[in-house]
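Input: a single structure, listed below in structure tokens.
In listed order, ligands and their atoms are each counted from 1. Numbering of residues begins at 1 and proceeds along the displayed sequence.
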Amino acid sequence: MSDDSETEHLAFAARLLAHDDGDEYGPVVPPITQTSLFTFGSYAEMERNYTAERPRTTYSRVGNPNVRAFEEKMAALEGGEDAIGFASGMGAISSAVLAVVSPGERIVCVRNVYPDTYRFFEILLRRFDVSVDYVDGADEEAVRASLPGAQVLYLESPTSWTMEAHVVSRLAALAREAGAISIIDNSWATPIFQRPLELGCDVVVHSASKYLCGHSDTVAGVAVASRQHVERIRSGIAPYLGAKLAPLDAWLLLRGLRTLTVRMKAIEATALTLARRLAEHPAVERVHHPALMGDLPEGLHGTSGLFSVDFGDRVDIPRFIDALALFRLGVSWGGHESLAMPAKLARSQANGPNSVIDFDVPPGLVRLNVGLEGLEALWSDLENAVETSKR
Ligand SMILES: *Cc1c(COP(=O)(O)O)cnc(C)c1O
């Protein structure tokens, strides 16, 4: 890592660790404002508030101090003017998209996005006559060709499971040229490694349940953008769908953000070493990790701890999974604990009765989420499980 980006990391850390505004006692951690409503002392005070340009919050569905503190930190981290918190990543994604599309309009989406994003497009948006075309985000010509007439370019980089990292600045520029709004899911990289607004994207969305939280104890989401874009979501969609972020969850997210920089750097180093060792292991066919698939695209300054290993048919996957002791078996990712998720099971879920997804991921693939247990302990766990299960 260059000195410049190292300095930048430290500046980020300082911003994240800075204490939150507390009360007169100056607590370093703000109290949880666990209240549904906020009252007024008089008719006149309430009237003044209702006619103010920026009224203070009156009800926690639309505003709460803990939620606001989280939103302000996220806006600062992503380099956006404003942010809005949600009850889940899907709350953020669906609200950000619904704020800008209308019936009859079209979305262009990169392939291999998060499966529930795909289902949201295919199951829900289609009912409202919004169509979605999927393109390979690495194929700029294909993206350019599909954009004319589209309202939205939906991006996720790196993509889910296959970890294809795109040149986000190029795709954002193509969207802008075509008059489309670009929305990007930045859950994998976090603002520590990629800041899409600085790369020209219009809206950044996150599953805050992953790295932003970092402790696997919250489901939450956030959208960051210009003041105007956030206002469209905040006043046009959020109050009516009501997927609001809870005060306790916002408080937990603020707790998680304080260590985001150090967690990401530790996870990056461990995951990269594990990925490189796995890539050289004779039982491994291929490792899907952006740093092992050529140079990182411009704008991606580091890599996180979620990557996939394709064992082909060299390993008995159920035996491999059951032989793991430190890596636990589970969905989700981004927490302190290491996890393994076999594509075969994700695939059977994705192709289940309620699905339209064509989940095109090889059956010998296992997705790993690298946590904070330590490099050598995790490596011996993987080595041992491969030894037990290889064919
Ligand atoms: C988990 C995830 C989501 C959905 O977030 P929730 O908080 O579970 O609603 C969206 N995008 C990506 C890339 C994810 O991994």
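Residues Phe311 and Leu306 do not share a hydrophobic cluster, defined by chaining ILVMFWY side chains whose heavy atoms lie under 4.5 Å apart.
Nearest protein heavy-atom neighbour of atom 11 (N) of ligand 1: Asp185 OD2, 2.6 Å. Here the heavy atom of the protein found nearest to atom 2 (C) of ligand 1 is Lys210 NZ, 2.5 Å. Remark: minimum distance from atom 6 (P) of ligand 1 to any protein heavy atom is reached at Gly89 N, 3.3 Å.
Side-chain atoms of Arg391 come within 3.5 Å of backbone N or O of Val315 as a donor-acceptor pair.
Ring to ring, Trp188 and Tyr211 are not that close: their centroids are 6.0 angstrom or more apart.
Contact check on Glu71 versus Arg227 returns no salt bridge, with no Lys/Arg side-chain nitrogen under 4.0 Å from an Asp/Glu carboxylate oxygen. Lys265 and Glu268 are not joined by a salt bridge, as no carboxylate oxygen comes within less than 4.0 angstrom of a charged side-chain nitrogen.
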Begin with the C-alpha distance, continue with both residues' side-chain angles, and end with the deciding distance and a verdict on side chain to side chain contact (heavy atoms under 4.5 Å, CB included) for Leu365 and Ser308. CA-CA 6 Å; Leu365 201 77; Ser308 304; 3.8 Å; yes
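If you look at Ala208 next to ligand 1, there are no close heavy atoms at all, none under 4.0 Å.
Between Ser207 and ligand 1, at least one pair of N/O atoms sits closer than 3.5 Å.
Contact atoms of ligand 1 toward Ser209: 6 (P), 7 (O) (distance under 4.0 Å to a heavy atom of the residue). In summary, the atoms of ligand 1 found under 4.0 Å from a heavy atom of Met90, numbered by their order in the structure, are 5 (O), 6 (P), 9 (O).
Heavy atoms of Ile93 come nearer than 4.0 angstrom to ligand 1 in at least one pair. Using a 4.0 Å heavy-atom cutoff, Trp188 is absent from the residues neighbouring ligand 1. Judged by the shortest distance from any of its heavy atoms, Ala220 lies inside the 4.0 Å radius around the atoms of ligand 1.
Of the options Trp333, Phe86, Tyr114, the smallest heavy-atom separation from atom 3 (C) of ligand 1 is shown by Tyr114.
Checked by atom type, the side-chain pair Glu337/Ser216 shows a donor-acceptor distance below 3.5 Å. Donor-acceptor pairing under 3.5 Å is recorded for the side chains of Thr162 and Glu164.
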